[in-house]
Amino acid sequence: MTTAQSAWLGIRLSGDYFISTFIFGVMFGITASAVGLQQWQALLMSLTSFTASGQFAALEFWQAPIPYATIALSVFLVSTRNLLLGMAMTHHFDGHSLRRRIAWLFLLNDPGVVTSFRVDDEVDRLGYVTGYGVSMMVSWLTSTLIGLNAAHLFANFDLGQVSFAGPLVLATMMMLFFKNTKTPPLPWLVSGAAALLLFELGAPDYLILLLSVGAGVVIAIYQERRRG
Amino acid sequence: MVDQQSALLAIFMMAAIVYLTRLTGYFIGLQLRHIQGIKPVLEALPGCAFMAILAPAVRQGSPGEIAAMACVVLIMWRSNNVVVATGTGLAVLLFGGPWLDSVIA
């Protein structure tokens, strides 16, 4: 399958997460308006960062004077999973020039990576993930714009409950992993158990992420050694 | 009110950080790819990260949030339908959440 066909497949299969992303985008637009971002600033942020969790994290600290270091650290911490998504794609973006890979990695996105493991081997993964990303970007920008313009309707509405929507969307992706894995999902379960333990011990968020992923990696290596 | 120059600087700083995390992971992976048997280990990473984020979120969730999560997991398990699962989860959060929280609290 050519890169263009694979990109089109990514766009076609992105319908489910297009809608989920749309809901998030509307919420982002409403919140951005509430904290005082101008329309063009919110849209520029959505266009250049293209990360729901990172953008929401930044809005928590959006005030004059801007605390750059705090925003940088929080955006980095919630984006650390991108490191892992990128690493997971290492073997799947071959056959393209380095320049293209560098440029198209801009559109790397969680659901695109997760669902790419379910498509046939003949699909070009870089094209697929990029097509998926284009669709997510369209959804994200359109919904941000709608949220910005609808913000006045929600001025007296408590959106606090919806902040848990992020973990809900992550759970849908996790379930796709669980249902399509060909190997025992032990690394993920160990990561979850380790995260719980570290949380109970009062570890900071970055340490929870680092150590629990590390625990999962150790199990994955052990599994691979036993299989090999 | 944040002035325009500061806002622009913050926006482009955020974009650079996010893009660099996307690039860096991929290039670290390229350095590791020659190691035999590394592919399944790398592919396990996103799931590990999701679980590391999800487990504490559920642990500190309110009854309404836990109920919403249970609905999402159940619907995904039965149907694999992301839209129905997310929609139901959000509906439980918005409409059932406050009620559940008040009953169980």
> To the nearest 0.5 Å, what is the distance between CE (B:Met1) and CG (A:Leu37)?
Replying inline: 8.5 Å
> What residue, out of B:Gly29, B:Ala15, B:Gly47, B:Ala49, has the most heavy-atom pairs lying under 4.5 Å from chain A?
Replying inline: B:Gly47
> At their closest point, which heavy atom of A:Ser20 faces which heavy atom of B:Val82, and how far apart are they?
Replying inline: OG-CG1, 3.9 Å
>> Using the side-chain hydrogen bond (donor to acceptor under 3.5 Å, both in side chains) criterion, which residues pair with B:Ser6? Sequence neighbours excluded.
In response: B:Asp3
> Of the non-hydrogen atoms in B:Met69 and A:Ala171, which two are nearest, and what is the gap between them?
Replying inline: SD-CB, 3.4 Å
> With a 4.5 angstrom heavy-atom cut-off, which part of A:Val35 approaches chain B: side chain, backbone, both or neither?
Replying inline: neither
> How close do A:Leu168 and B:Leu90 get, heavy atom to heavy atom, and via which atoms?
Replying inline: CD1-N, 4.1 Å
>> Run A:Thr90 and B:Ile38 through side-chain contact (heavy atoms from CB on, under 4.5 Å) and show every step you take.
In response: CA-CA 10 Å; A:Thr90 300; B:Ile38 196 74; over 6 Å; no
>> Surrounding CD of B:Gln60 (heavy atoms of other residues, nucleotides or ligands, distance under 6.0 Å), is the total greater than 12?
In response: yes
> Which bit of A:Val213 comes within less than 4.5 Å of chain B, counting heavy atoms only: side chain, backbone, both or neither?
Replying inline: both
> Which answer fits A:Phe93, side chain, backbone, both or neither, if we ask what part of it has an atom under 4.5 Å from a heavy atom of chain B?
Replying inline: both
> Checking A:Gln63 against chain B: side chain, backbone, both or neither under 4.5 Å from a heavy atom?
Replying inline: backbone
>> How close do A:Met45 and B:Ile11 get, counting heavy atoms only, and between which atoms?
In response: CA-CG2, 3.8 Å
> Tell me, side chain or backbone of B:Ala44 under 4.5 Å from chain A's heavy atoms, or both, or neither?
Replying inline: both
> Under a 4.5 Å heavy-atom cutoff, which of A:Val75, A:Leu108, A:Val113, A:Ile71 has the most pairs with chain B?
Replying inline: A:Leu108
>> Is B:Leu23 close to chain A through its backbone or its side chain, or both, or neither, when contacts mean heavy atoms under 4.5 Å?
In response: both
> For A:Thr80 and B:Thr21, what are the C-alpha separation, side-chain angles and deciding distance, and is it a side-chain contact (heavy atoms from CB on, under 4.5 Å)?
Replying inline: CA-CA 6 Å; A:Thr80 45; B:Thr21 58; 5.8 Å; no
> Given side chains that start at C-beta, do those of A:Thr48 and B:Met14 come closer than 4.5 Å, heavy atoms only?
Replying inline: no
> Should A:Ile19 and B:Thr86 count as side-chain neighbours, where that means a heavy-atom distance under 4.5 Å?
Replying inline: no
>> Taking side chain as everything from C-beta outward and backbone as N, CA, C, O, which of these in B:Gln4 sits under 4.5 Å from a heavy atom of chain A? Side chain, backbone, both or neither.
In response: both
>> Is there a side-chain contact between A:Ile208 and B:Pro56 in this structure, where contact means two heavy atoms from C-beta onward sitting under 4.5 Å apart?
In response: yes
> Rounded to the nearest 0.5 Å, how far apart are NE2 of A:His91 and CG of B:Leu32?
Replying inline: 9.0 Å
> If you draw a 6.0 Å radius around CZ in A:Arg225, do more than 12 non-hydrogen atoms from other residues or ligands fall strictly inside?
Replying inline: no
> Is it the backbone or the side chain of A:Ala103 that comes under 4.5 Å from a heavy atom of chain B, or both, or neither?
Replying inline: backbone
> What distance do B:Leu42 atom CG and A:Leu85 atom CG have between them, rounded to the nearest 0.5 Å?
Replying inline: 12.0 Å
>> Please classify the contact of A:Leu98 with chain B as side chain, backbone, both or neither, using a heavy-atom distance under 4.5 Å.
In response: side chain
>> A quick test of your reading: do over 12 heavy atoms of other residues, nucleotides or ligands sit less than 6.0 Å from OH of A:Tyr222?
In response: no
>> For A:Ile102, which atoms come within 4.5 Å of any heavy atom of chain B: side chain, backbone, both, or neither?
In response: both
> Is chain A contacted by the side chain of B:Leu30, its backbone, both, or neither, given a heavy-atom distance below 4.5 Å?
Replying inline: both
>> Please list all pairs meeting side chain to side chain donor-acceptor pair (under 3.5 Å) that have one or both residues in residues 187-200 of chain A, counting only residues at least two apart or in different chains.
In response: A:Glu200-B:Arg59
> Under a 4.5 Å heavy-atom cut-off, does chain B meet the side chain of A:Trp40, its backbone, both or neither?
Replying inline: side chain
> Short question: side chain of B:Arg22, backbone of A:Asn82 - any donor-acceptor pair under 3.5 Å?
Replying inline: no
> Looking at side-chain heavy atoms only, is the closest gap between B:Met13 and A:Ile66 below 4.5 Å?
Replying inline: no
> Between B:Cys48 and A:Pro187, which heavy-atom pair has the shortest distance, and what is it?
Replying inline: SG-O, 3.9 Å
>> One pair to check against side-chain contact (heavy atoms from CB on, under 4.5 Å): A:Thr51 and B:Tyr19. What are the steps and the verdict?
In response: CA-CA 10 Å; A:Thr51 169; B:Tyr19 182 50; over 6 Å; no
> What is the distance from atom CD of A:Glu224 to atom CD1 of B:Ile35, rounded to the nearest 0.5 Å?
Replying inline: 12.0 Å
> Checking heavy atoms, do the side chain of A:Ser49, its backbone, both or neither come under 4.5 Å from chain B?
Replying inline: both
> So which part of B:Leu8 gets closer than 4.5 Å to some heavy atom of chain A, the side chain, the backbone, both or neither?
Replying inline: side chain
> At their closest point, which heavy atom of A:Phe178 faces which heavy atom of B:Met51, and how far apart are they?
Replying inline: CE1-SD, 4.4 Å
>> Taking every non-hydrogen pair under 4.5 Å, which of B:Val72, B:Val58, B:Leu54, B:Val73 racks up the most with chain A?
In response: B:Leu54
> What distance do B:Tyr26 atom OH and A:Leu83 atom CG have between them, rounded to the nearest 0.5 Å?
Replying inline: 15.0 Å
>> I need the B:Phe50 CZ to A:Asp110 CG distance, nearest 0.5 Å.
In response: 4.5 Å
> For B:Val18 and A:Phe50, what are the C-alpha separation, side-chain angles and deciding distance, and is it a side-chain contact (heavy atoms from CB on, under 4.5 Å)?
Replying inline: CA-CA 8 Å; B:Val18 176; A:Phe50 183 43; over 6 Å; no
